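Quick notes on the structure that follows.
Note: hydrogens, waters and symmetry copies are ignored here, and every other heavy atom, side chains too, is used. Numbers restart at 1 for each chain; the letters A, B, ... are given by sequence-line order, proteins then strands. All figures in this text were calculated on a predicted structure; none of them were measured in a lab.
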Amino acid sequence: MFVIQSRDKETRARTGLLRTAHGDIPTPIFMPVGTAGTVKGILQRDLKDDIDAKIILGNTYHLYLRPGTEILKASGGLHRFISWERPILTDSGGYQVFSLTGNRKLTDEGAIFKSHIDGSTHIFTPENTIDIQRIIGADIIMAFDECAPFPSDYRYAKKSLELTHHWLDRAVARFHETEPLWGNEQFLFPIVQGSTFDDLRKISAEKAASVSLAGNAIGGLSVGEPVEEMYRIIEIVNGILPEDKPRYLMGVGTPVNILEAIERGIDMFDCVMPTRNGRNGMLFTNEGIINIRNRKWIDDFSPLDSDGPSVVSLYYSKAYLRHLVISGEILGAQIASIHNLAFYLKLVTEARKRIEGGDFKRWKNQMIRKLSERL
RNA sequence: GGGGAGAUACCAAAGCGGCCAACUGGGGCAGACUGUAAAUCUGCUGGCAAAUGCCUUCGUAGGUUCGAAUCCUGCUCUCCCCA
């Protein structure tokens, strides 16, 4: 269940608390992506004690292929398997079906796809993705959808949306006729699609609202469309999605994207950017974005980020991290990932404070100016 | 002392008469990355104009040829084997 705690006077931004069996999640929130049962390169301990992640993601597609449902079931669910006692959200695998184009075929029944690991053939349906997510036991689970690529023509987007809606009805039915396996309540979120077409997005938002689930998600964005398009779609969709339920913008995004979306009433985010880009040398700092591999940091012994979102941010220097990343040392990827995630978490925590404090808009504009800087 | 192999751009290493400013790898420099098939991928890497162009390079000094990193000669250096 979700309770709204405060609203910004100038914008649609709000703060809230999403209560789950594994703990409360203050919103707005950023959720680190832990696809295969791990936020790549980071110990659960650091995720909890240093980064203070409130909830992390897992992925149905990846966990289903490996370690597989038998092991997940035998281990007592994903929380126990990975030793993470806080909330987890699992994506349904819809995005993988989208990104594995060429290895899959969509039918009315579901998506037939080939494993990227061994080429074996499998099928995901609205029903079995619910079943798998019951086994995984995440606190929040997602309906199986098709994420239409950008650009999509209207005809394709409409057809795809109809399929997603048809699948949604089946997922909801399966969800209601099954029970959690591990004792913790699970929430199912529908996913709004419709590509960049306003009318399709409206229809989809209405459809999502009509199934009356615990929260709602917006998918199919940040797949290559201009950011203005994304912001416009968020405004349209959030004008329709119920106020009293959390809104989750899937896969987004840059710190600037997140602030813009919070302003438009989004409560939840996830993105691989802090970890993947971190591994590749991109650092989000209080001063701006830096590519730590660049020569100019070679003798810069100042801390990674004087604002110190994480312990590692103050403890290690730019010159040292550059050395680690350039050398391909695992520790470099770890430090960058920890710092970036802590930066993201601090960003949404600060946004929450500013919304409560009543100066969100002013703070947001100031932050955006800083975050647009490439150092 | 005798016999053999070789010297190519930052490094390693191809090329063995024109298609060579020179394959490839590393290194270096920069870029990309948005519900993770990503500790991945892309571009550039002699100089200058930076589009088509021009100039200087393949140990060194000469030579042969319309034309040489590639063929010939001298020199310098390196490595290997046998005494």
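- At a threshold of 4.0 angstrom between heavy atoms, the contacts of A:S115 with the nucleic acid are absent.
- Residue A:I326 is in sugar-phosphate contact alone, with no base atom involved, counting any heavy-atom pair closer than 4.0 Å across all strands shown.
- The nearest whole Å value for the distance from the CZ atom in A:R293 to the P atom in B:G43 is 15 Å.
- Along RNA chain B, the nucleotide nearest A:G328 and the nucleotide nearest A:E146 are compared for position; the residue whose nucleotide lies closer to the 5' end is A:E146.
- Annotation for A:I123: atom CD1 counts as buried by contact number, over 12 foreign heavy atoms lying within 6.0 Å.
- Within the nucleic acid shown, A:R295 comes within 4.0 Å of sugar-phosphate atoms alone, with no base atom in reach, counting heavy atoms only.
- At the phosphate of B:U34, neither OP1 nor OP2 sits under 4.0 Å from any side-chain N or O atom of A:N277.
- The CZ atom of A:F98 sits 13 Å away from the C1' atom of B:U36 (whole-angstrom rounding).
- In this structure, A:L249 reaches neither bases nor backbone, as no heavy-atom distance under 4.0 Å exists between it and the strands shown.
- For B:G18 and B:C71, the C1' atoms lie 14 Å apart once the distance is rounded to whole Å.
- One interatomic measurement links the two molecules: CZ of A:F144 to C1' of B:G35, which rounds to 13 Å at whole-angstrom precision.
- Separating the CD1 atom of A:I117 from the C1' atom of B:A38 is a distance of 15 Å, rounded to the nearest angstrom.
- OP1 or OP2 of B:A37 lies within a sub-4.0 Å distance of a side-chain N or O belonging to A:S99.
- The shortest distance between the side-chain N/O atoms of A:Q96 and the OP1/OP2 oxygens of B:G35 is not below 4.0 Å.
- Residue A:Q193 is in base contact, counting any heavy-atom pair closer than 4.0 Å across all strands shown.
- Within the nucleic acid shown, A:G220 comes within 4.0 Å of at least one base atom, counting heavy atoms only.
- Regarding A:N280, its CG atom lies at a distance of 12 Å from the C1' atom of B:U42, rounded to whole Å.
- Taking hydrophobic clusters as Ile, Leu, Val, Met, Phe, Trp and Tyr residues chained together by side-chain heavy-atom distances below 4.5 Å, A:F81 shares a cluster with A:L57.
- In this structure, A:E225 places its CD atom 13 Å from C1' of B:G35, rounding to the nearest Å.
- Atom CG of A:N216 and atom C1' of B:G35 are 15 Å apart (whole Å).
- Base engagement by A:D145 is indicated by at least one non-hydrogen atom pair under 4.0 Å involving a base atom.
- The CD1-P distance, from A:I292 to B:A30, rounds to 12 Å in whole Å.
- Of the possible donor and acceptor atoms, none in the side chain of A:S327 sits under 3.5 Å from a partner among the backbone N and O of A:E329.
- Here A:R374 lies in heavy-atom contact (under 4.0 Å) with sugar-phosphate atoms only.
- The same atom, P, is picked in B:G46 and in B:C29; the two are 16 Å apart, to the nearest Å.
- Nucleic acid contact for A:N294: sugar-phosphate only, since backbone atoms but no base atoms lie under 4.0 Å from a heavy atom of the residue.
- Other residues, nucleotides and ligands contribute only 12 or fewer heavy atoms inside 6.0 Å of the CZ atom of A:R19.
- Between A:S222 and B:U34 there is no side-chain polar atom (N or O) within less than 4.0 angstrom of OP1 or OP2.
- Here, B:A9 and B:A22 have their P atoms 16 Å apart, quoted to the whole Å.
- Comparing the P positions of B:U70 and B:U60 gives a spacing of 11 Å, expressed to the nearest Å.
- Partner A:Y248 forms a side chain to side chain contact (heavy atoms under 4.5 Å, CB included) with one of A:N216, A:L89, A:D267, A:L18 and no other, that one being A:L89.
- On the P atoms, B:C19 is 22 Å away from B:C10, given to the nearest whole Å.
- Of the C1' atoms belonging to B:A21 and B:U57, the separation is 8 Å, rounded to the nearest Å.
- Checked by atom type and distance alone, the side chain of A:D270 pairs as donor or acceptor with a backbone atom of A:G251 at under 3.5 Å.
- The aromatic rings of A:F113 and A:H122 lie parallel to each other, their planes meeting at an angle below 30°, with 60° marking the opposite boundary.
- Both A:G219 and A:E329 sit near RNA chain B, but only A:G219 has its closest nucleotide nearer the 5' end.
- Residue A:R322 is classed as a sugar-phosphate contact, given heavy-atom separations below 4.0 Å to backbone atoms only.
- Side chain of A:K318 to backbone of A:P303: a donor-acceptor contact under 3.5 angstrom is found.
- Within 4.0 Å of A:D270, counting heavy atoms only, lie sugar-phosphate atoms of the nucleic acid but no base atom.
- Comment: A:K346 engages A:D307 in a salt bridge, judged by a side-chain N to carboxylate O separation of less than 4.0 angstrom.
- If you take atom P in B:C33 and the same atom in B:G26, they sit 23 Å apart, rounded to whole Å.
- Taking atom C1' on both B:C80 and B:U73, the two are 25 Å apart, rounded to the nearest angstrom.
- Helical stems in RNA chain B, defined as runs of 3 or more consecutive Watson-Crick or G-U wobble pairs with both donor-acceptor distances under 3.5 Å, are listed by first residue as B:1-7 with B:76-82, B:10-12 with B:24-26, B:27-32 with B:40-45, B:46-48 with B:53-55, B:59-63 with B:71-75.
- By the 30° and 60° cut-offs, the orientation of the rings of A:H22 relative to A:H79 is parallel.
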